[in-house]
Amino acid sequence: MDDSRWQRIEEIFHQVSRLPKEERPACLDRMCDADADLRKEVVSLLESMETAGSFMDTPIVSEGLALLDGRCQERFAGRTIGSYRIVRQIGRGGMGAVYLAERADDQYRKRVAIKLMRLEAADPFLLSRFHTERQILANLE
């Protein structure tokens, strides 16, 4: 899928996801016109968002934000966030950083990526996009 196609899917998804469920079909009709594949991709993302539920709404989010709030400049390797221990940083951008982490409580073995936003990047629009991204990524293996 080319970048312009993905950007269009993302644009429609963000607009439609903010609407009440009963208004979404009409909006999809308008925005996708006769492009059935475009509509299918957006609907798939909307379904993923719905099935993700709210399991990510935990103290882990606030713990992660606290790590990046400017008062904590030390390295994060070895730090624990919820049930996960940070192994190393794997990426950094304008909004924050992404870390490789592994399950620390020996309940089971799992490696994950944890994205931590800088508090300065936490304006309402960016937080909305971050939460949407979080819901979608939560469904990936």
Side-chain angles (χ1 to χ4, degrees), residues 1-33 35-141:
M1 177 180 313
D2 66 26
D3 285 344
S4 63
R5 179 75 169 178
W6 174 247
Q7 287 175 351
R8 182 71 180 137
I9 291 167
E10 186 178 23
E11 173 189 322
I12 294 170
F13 169 78
H14 285 295
Q15 287 185 25
V16 174
S17 67
R18 294 185 184 120
L19 297 173
K21 284 185 182 183
E22 62 274 3
E23 294 178 24
R24 291 177 182 177
C27 186
L28 284 167
D29 288 344
R30 283 190 313 276
M31 296 187 81
C32 296
D33 195 30
D35 190 337
D37 289 336
L38 177 62
R39 183 185 180 109
K40 182 179 173 184
E41 290 292 337
V42 174
V43 168
S44 175
L45 290 174
L46 290 166
E47 289 171 352
S48 292
M49 181 182 75
E50 295 297 324
T51 59
S54 61
F55 80 93
M56 294 290 287
D57 296 332
T58 66
I60 291 174
V61 173
S62 59
E63 289 177 41
L65 289 172
L67 286 174
L68 290 176
D69 76 355
R71 293 173 292 199
C72 301
Q73 296 299 319
E74 70 271 7
R75 299 180 59 95
F76 300 127
R79 298 280 309 257
T80 301
I81 298 176
S83 300
Y84 292 91
R85 182 175 23 269
I86 295 176
V87 175
R88 64 182 164 82
Q89 182 177 315
I90 56 177
R92 185 178 243 354
M95 289 178 57
V98 178
Y99 295 88
L100 173 65
E102 57 191 9
R103 190 77 185 195
D105 63 4
D106 295 325
Q107 296 267 337
Y108 54 89
R109 297 174 61 104
K110 176 94 174 168
R111 295 185 108 186
V112 300
I114 296 177
K115 184 173 186 177
L116 304 175
M117 287 181 65
R118 289 185 359 262
L119 285 180
E120 303 85 46
D123 73 51
F125 176 75
L126 292 175
L127 280 174
S128 172
R129 291 198 63 157
F130 181 78
H131 287 138
T132 301
E133 176 186 349
R134 178 183 69 183
Q135 292 297 325
I136 293 167
L137 293 174
N139 288 321
L140 299 177
E141 286 295 322

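Here the structure is a predicted model, which means the values were calculated and not measured.
With Arg24 contributing its side chain and Ser17 its backbone, the two residues share a donor-acceptor pair below 3.5 Å.
Interatomic distance, CG of Leu46 versus CG of Leu28, reported as 6.5 Å (0.5 Å rounding). With rounding to the nearest 0.5 angstrom, the OG1 atom of Thr80 is 10.0 Å from the CD atom of Glu102. Atom CZ of Arg39 and atom CD1 of Ile12 lie 10.5 Å apart (nearest 0.5 Å). Atom CH2 in Trp6 sits 12.5 Å away from atom CD in Glu11 (nearest 0.5 Å). One distance of note links CG of Leu45 with CD1 of Ile136; it measures 5.0 Å at 0.5 Å rounding. Rounded to the nearest 0.5 angstrom, Lys110 NZ and Ser83 OG are separated by 13.0 Å.
For Ile90, the side-chain contact (heavy atoms from CB on, under 4.5 Å) partners at least two apart in sequence or on another chain are Arg88, Val98, Leu100, Ala113. Judged as a side-chain contact (heavy atoms from CB on, under 4.5 Å), and not counting sequence neighbours, the contacts of Asp35 are Arg5, Asp37, Leu38. By the side-chain contact (heavy atoms from CB on, under 4.5 Å) test, Ala104 pairs with Arg85, sequence neighbours left out.
Heavy atoms only, all atoms of each residue included: Arg103 and Tyr108 are closest at NH1-OH, 3.0 Å.
Thr132 places a side-chain heavy atom less than 4.5 Å from the side chain of Phe13.
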Test side chain to side chain contact (heavy atoms under 4.5 Å, CB included) on Val42 and Met31; report intermediate values, then the result. CA-CA 10 Å; Val42 174; Met31 296 187 81; over 6 Å; no
